[in-house]
There are 2 protein chains.
Amino acid sequence: MINTLRALLKQKGYSLTKPRLIVFGVLAGKEPQTMAEIIGLTANKIDRATVYRTIELFEQAGIAHRLNIGFKYKIELTEVFNGHHHHLHCTACGRTFPLPANPMLETMIDTVASKADFAPRGHQLEIYGLCQNCSKPS
Amino acid sequence: MINTLRALLKQKGYSLTKPRLIVFGVLAGKEPQTMAEIIGLTANKIDRATVYRTIELFEQAGIAHRLNIGFKYKIELTEVFNGHHHHLHCTACGRTFPLPANPMLETMIDTVASKADFAPRGHQLEIYGLCQNCSKPS
DNA sequence: CAGTATTTGCAAATTTGTCGCAATAATCTA
DNA sequence: TAGATTATTGCGACAAATTTGCAAATACTG
Ligand SMILES: [Mn+2]
Ligand SMILES: [Mn+2]
Ligand SMILES: [Zn+2]
Ligand SMILES: [Zn+2]
């Protein structure tokens, strides 16, 4: 994991610094996080400006990417680390759950795009609704 | 169209005001717009704060919703007005093309979500790649 | 049309994101 | 491993985006 991080950084000529490791640590193995969350979780260690710069750099290096979710966007590590997946966003509690990619669905998405004379290279699917917990009868 | 707008507003107890009609007019039958664009197009008629309040209210009333295009978000009328569709984003020329919803794909998306114990209420699919024009051999 | 509740504009505040620059930390080579 | 060379950070000041309180204006009801 850290080796992949180091490799992706090196590929772009970026160095592996302490702040970058800290931000990576905040993202690894967690739900996608808002900027405010990342800034909050690192507040005593890294300056806000550095967090913004780090996330932008992570995006350019293919280490992290942003999910646009309704009002806020959230950051997560790319599929290099997490595998390709989609997201379920609970409109009640605000949590974001990963939805492992289904090969048949993936194929269909590419097919639909191709039939519209479009050459698909990637996609993002965000599903909104109620998570198991929030749809329980009260 | 205006009748639908009026109905959706009334359903929530909101009134049909001049500023709301103006914002609706800016969105109707156009490409999704950024906040900056909407604010710009209405600058001489409506205050910025009112635009923000109107868009939020439109979202709550199911009149408009935020669309996730790369870094900035854009606003478009909901499927009540536009029909349900997805988007093809050309990474070469930057254009956004509507992709009419395919019933089989829609079903599969709901199914996949349900199987993950999630109650789907809507979704957003953004496909990135090359449009017909940009994938032509040069 | 008057009465009542909602909505607007305005100005100020807050929140979010950006920038320049001197100090610091990482990398590279010997 | 030290020293030279770059890249990166923190800080503080900015700039942009969004929110808020409140008095005045507007829409809705009957
Ligand atoms: Mn994810
Ligand atoms: Mn659209
Ligand atoms: Zn939930
Ligand atoms: Zn194109």
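Chain letters run A, B, ... following the sequence lines, proteins first and then strands; every chain starts at 1.
- Partners of A:E31 according to the salt bridge (Lys or Arg N to Asp or Glu O under 4.0 Å) rule, which considers only residues two or more places apart in sequence or in another chain, are A:R95.
- Atom CG in A:L21 sits roughly 15 Å away from atom P in C:dA25 (whole-Å rounding).
- Looking at residues two or more places apart in sequence or on another chain, you find a side-chain hydrogen bond (donor to acceptor under 3.5 Å, both in side chains) between A:Q124 and A:E126.
- Judged purely by distance below 3.5 Å, without hydrogens or angles, the side chains of B:H87 and B:H89 never pair a donor atom with an acceptor atom.
- Rounded to whole Å, atom C1' of C:dT24 lies 12 Å from atom NZ of A:K18.
- Atom CG of B:L27 is separated from atom CG of B:L77 by 5.0 Å, given to the nearest 0.5 angstrom.
- The CD-P distance, from B:E59 to D:dT18, rounds to 12 Å in whole Å.
- A distance-only check finds no donor-acceptor pair linking the side chain of A:T78 to the backbone of A:A64 [under 3.5 Å].
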Donor-acceptor contacts, no H, no angles, side chain residues 13-24 of chain B, under 3.5 Å, sequence neighbours left out:
from	atom 1	to	atom 2	distance (Å)
B:T17	OG1	B:R20	N	3.4
B:R20	NH1	B:S15	O	2.7

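- B:E79 and B:H65 are not linked by any side-chain donor-acceptor pair at a separation below 3.5 angstrom, with hydrogens and angles left out of the test.
- Atom CG of A:N44 and atom P of D:dG10 are 11 Å apart (whole Å).
- A donor-acceptor pair under 3.5 Å is absent between the side-chain atoms of A:H123 and the main chain of A:R121, judged by distance alone.
- Regarding contacts with the backbone of C:dT8, a side-chain N or O of B:T17 is found under 4.0 angstrom from either OP1 or OP2.
- Nearest nucleotide to the A:L16 side chain, out of D:dT9, C:dT8, C:dT27: C:dT27.
- Rotation axes derived from the C1' atoms of the five outermost pairs at either end of the helix from C:dC1-D:dG30 to C:dA30-D:dT1 lie 60° apart, to the nearest 10°.
- We find that NZ of B:K10 is positioned 14 Å from P of C:dT6, with the value rounded to whole Å.
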When every nucleotide of nucleotides 15-21 of chain C is labelled 5' to 3' by its protein contacts under 4.0 Å (heavy atoms), B for base, S for sugar-phosphate only, - for none, what sequence of letters results?
-> -SBBBB-

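- In this structure, CZ of A:R6 is placed 11 Å from P of C:dA26, rounded to the nearest angstrom.
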Donor-acceptor pairs under 3.5 angstrom involving side-chain atoms of residues 37-49 of chain B: please list them, not counting sequence neighbours.
from	atom 1	to	atom 2	distance (Å)
B:E37	OE1	B:T34	N	2.8
B:E37	OE1	B:T34	OG1	3.4
B:T42	OG1	B:I38	O	2.8
B:T42	OG1	B:I39	O	3.3
B:D47	OD2	B:A49	N	3.0

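- Between the CD1 atom of B:I38 and the P atom of D:dA17 there is a distance of 14 Å, rounded to whole Å.
- Contact annotation: A:T50 does not reach the phosphate of D:dT9 (side-chain N/O to OP1 or OP2, under 4.0 Å).
- For the pair B:R20 CZ and D:dA25 C1', the interatomic distance rounds to 14 Å; values are reported in whole Å.
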